[in-house]
Amino acid sequence: MTALPSDRLRVHAQRRTDLLARLDGSTCEVIASPPVTIRNSDGEHAFRQDSDLFYLTGFVEPETVMVLAPRHKEHRFVLFVRPRDAERETWDGRRAGSEGAKERYGADAAFPIAELESRLPDYLGGHRRLAYAVGRFPSNDARI
């Protein structure tokens with residue numbers, strides 16, 4: 001996976017800053033990527049990142065959740081991503097992993113997607129509202 005040019009990263013960072021300012025500190029924004037869909041028994045449709053998630057992060061990998069938590073004491077921009085996996089990367093392409101999400105995409109914190117359910121309550125705490133598109137990708141709704 002190649003890093004986005006730094007000017008592109010600044011554009012995504014500015015978009016997040018603008019959205020955080022509009023969230024007024026009381027709303028936590030959560031955006032999830034669409035699920036990977038199977039085309040036939042062992043093939044997948046080409047993955048296309050959710051437009052909102054891409055607009056705010058530039059991150060193009062599946063199984064991603066972005067959290068913007070204006071009231072969290074340490075991390076305002078958090079990504080939950082697929083971990084690095086040499087065997088899967090042979091078939092699916094390179095992954096940024098948690099470290100790449102921080103280094104290349106500017107996340108304050110990044111964790112494996114498997115930790116979403118255990119870590120999300122910490123980021124939601126202190127916020128009065130949650131902005132999340134229920135029903136957009138039903139397979140993600142129960143997790144969020």
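What you see is a predicted model; the values in this text were computed from it and never measured. Just so you know, residue 1 is the first one in the sequence shown, and it goes up from there.
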Report task. Check whether any side-chain heavy atom of Glu74 lies under 4.5 Å from a side-chain heavy atom of His72, and answer yes or no. Result ->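 Yes, side chains in contact.
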
Report task. Flag the pair Phe77 / Leu20 as yes when at least one side-chain heavy-atom distance between them is below 4.5 Å, and no otherwise. Result ->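 No - every pair of side-chain heavy atoms lies 4.5 Å or more apart.
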
Query raised in the report: Would you call the rings of His12 and Phe54 parallel, tilted or perpendicular, where under 30° means parallel and over 60° means perpendicular?
Result: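 Geometry flag for Phe54 against His12: perpendicular rings.
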
Query raised in the report: Do the rings of His75 and Tyr123 sit parallel, tilted or perpendicular, given the 30° and 60° boundaries?
Result: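 His75 and Tyr123: tilted rings.
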
Would a distance-only check, ignoring hydrogens and angles, find a side-chain to backbone donor-acceptor pair under 3.5 Å from [X] to [Y]?
| X | Y | answer |
| --- | --- | --- |
| Arg15 | Leu56 | no |
| Gln49 | Ser33 | no |
| His45 | Val36 | no |
| Asp108 | Val78 | no |

For residues [X] and [Y]: do they belong to one hydrophobic cluster (side chain heavy atoms under 4.5 Å, members Ile, Leu, Val, Met, Phe, Trp, Tyr)?
| X | Y | value |
| --- | --- | --- |
| Ile144 | Phe137 | no |
| Tyr132 | Ile31 | no |
| Leu130 | Leu116 | yes |
| Val65 | Leu79 | no |

Query - For the student: nearest non-hydrogen atoms of Ala101 and Ala110, plus distance - result: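 Nearest heavy atoms, Ala101 then Ala110: CB-CB, 3.6 Å.
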
**Report entry** Check ion pair Asp24-Arg128 (N to O, under 4.0 angstrom)
**Finding:**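 No salt bridge links Asp24 with Arg128.
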
